[in-house]
Amino acid sequence: MITEHEITLAQPADAAAIAVLSRDAIEQGLSWRWTERRVLRCMQDAACNVVVVRQAGALAGFAIMQYGDTEAHISLFAVQAAQRRAGLGSALLAWLETTAEVAGLSAIKLEARAGNASAKSFYLRHGFTETGLARGYYEDVEDAVRMVKRIGAAPAE
Ligand SMILES: CC(C)(COP(=O)(O)OP(=O)(O)OC[C@H]1O[C@@H](n2cnc3c(N)ncnc32)[C@H](O)[C@@H]1OP(=O)(O)O)[C@@H](O)C(=O)NCCC(=O)NCCS
């Protein structure tokens with residue numbers, strides 16, 4: 001059951017905690033690319049949303065989504081290990097989907113580590129489909145599975 005939470009755009013003061021969560025929950029075994037500096041740069045980029053979910057004021061999860069002309073791309077997405085399976089990831093994803101729809105975009109795309117069964121289950125559960133494999137996508141350490149979800153109204157015939 002989903003517990004009380006708040007979803008907002010991130011503040012600069014969140015950047016360090018977001019970078020640490022990225023390193024620990026997403027980039028394990030890879031170089032740490034999403035440093036505090038890079039997260040801060042994303043916050044200043046008009047084509048990028050850094051979004052956080054908080055519980056009792058503390059960072060419970062975050063997502064980074066980039067906006068293209070017709071599609072959005074989720075670059076990073078994580079919930080703190082102790083707070084998973086409580087609906088927070090679903091709430092965060094719903095926020096991103098609504099925002100992308102309001103922006104008039106037609107799809108959300110992402111890549112997940114091929115061995116990340118929980119992420120695949122999570123995205124499949126939310127209507128994403130697998131579109132292919134990107135070999136060696138993660139520094140040649142691991143392949144990525146590419147996924148997409150169509151959103152918004154279907155284009156007129
Ligand atoms: C993937 C992730 C963001 C899901 O967040 P969450 O808050 O636990 O997700 P929810 O509680 O909203 O889960 C919704 C549904 O997704 C599926 N799901 C989520 N985690 C799952 C897991 N570990 N195994 C199988 N299915 C899972 C389930 O269907 C779940 O519904 P249920 O709990 O009623 O069975 C979280 O596990 C995470 O941060 N993982 C590490 C980082 C990561 O892999 N990020 C994604 C790739 S960048």
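Since this is a predicted model, take the numbers as computed values, not measurements. For ligands, and for the atoms within them, numbers begin at 1 and follow the listed sequence.
The two residues Ala144 and Tyr138 make their nearest non-hydrogen contact at CB-CE1, 3.5 Å. Summarising the geometry of Ala114 relative to Lys120, their closest heavy-atom pair is O-NZ, 3.0 Å, with the distance given to 0.1 Å. For the pair Ala107 and Ile151, the tightest heavy-atom approach, listed with the atom from each and the gap, is N-CG1, 3.6 Å. Nearest approach of Trp34 to Ser22, heavy atoms of both residues: CB-OG, 3.6 Å. Nearest heavy atoms, Arg113 versus Glu27: NH1-C, 3.9 Å.
Nearest-heavy-atom check against atom 45 (N) of ligand 1 across Phe122, Phe62, Phe77 picks out Phe77.
The distance criterion of under 3.5 Å between nitrogen or oxygen atoms is not met by His126 with respect to ligand 1. When only interatomic distances are considered, the shortest N/O to N/O separation between Glu111 and ligand 1 does not fall below 3.5 Å. By the 3.5 Å distance cut-off applied to N or O atoms, Gln83 is not counted among the residues near ligand 1. For the pair Val79 and ligand 1, the shortest N or O to N or O distance falls below 3.5 Å. Considering both main-chain and side-chain atoms, Arg125 comes within under 3.5 Å of ligand 1 through a nitrogen or oxygen pair. Considering backbone and side-chain N/O atoms, Ala86 comes within less than 3.5 Å of an N/O atom of ligand 1. Checking only distances, Gly87 does come within under 3.5 Å of ligand 1, N or O to N or O. At least one N/O-N/O distance between Gly89 and ligand 1 falls below 3.5 Å.
Scanning all protein heavy atoms for the shortest distance to atom 26 (N) of ligand 1 gives Ser121 CB, 3.2 Å. Nearest protein heavy-atom neighbour of atom 14 (C) of ligand 1: Ser90 OG, 3.3 Å. For atom 38 (C) of ligand 1, the closest non-hydrogen atom of the protein is Arg84 NE, 3.4 Å. Closest to atom 42 (C) of ligand 1, if we only count protein heavy atoms, is Ala25 O, 3.5 Å. Among all protein heavy atoms, the one lying closest to atom 44 (O) of ligand 1 is Asn116 ND2, 2.7 Å. For atom 23 (N) of ligand 1, the closest non-hydrogen atom on the protein side is Ser118 CB, 3.0 Å. With respect to atom 24 (N) of ligand 1, the closest heavy atom belonging to the protein is Arg85 NH1, 3.3 Å.
At least one donor-acceptor pair closer than 3.5 Å links the side chain of Glu139 to the backbone N or O of Ser31. Listed for the Glu130 side chain is no donor-acceptor partner under 3.5 Å among the backbone atoms of Val145. In this structure, Lys149 contributes its side chain and His126 its backbone to a donor-acceptor pair below 3.5 Å. In this structure a side-chain-to-backbone donor-acceptor pair under 3.5 Å is present from Trp32 to Ala19.
The environment of CD in Glu4 is sparse: at most 12 heavy-atom neighbours from other residues, nucleotides or ligands sit within 6.0 Å.
For the pair Leu88 and ligand 1, a heavy-atom separation below 4.0 Å is found.
The one candidate from Glu142, Glu111, Arg146 that meets the side chain to side chain donor-acceptor pair (under 3.5 Å) condition with Tyr137 is Glu111.
Within the 4.0 Å cut-off (strictly below), no protein heavy atom is located near atom 2 (C) of ligand 1.
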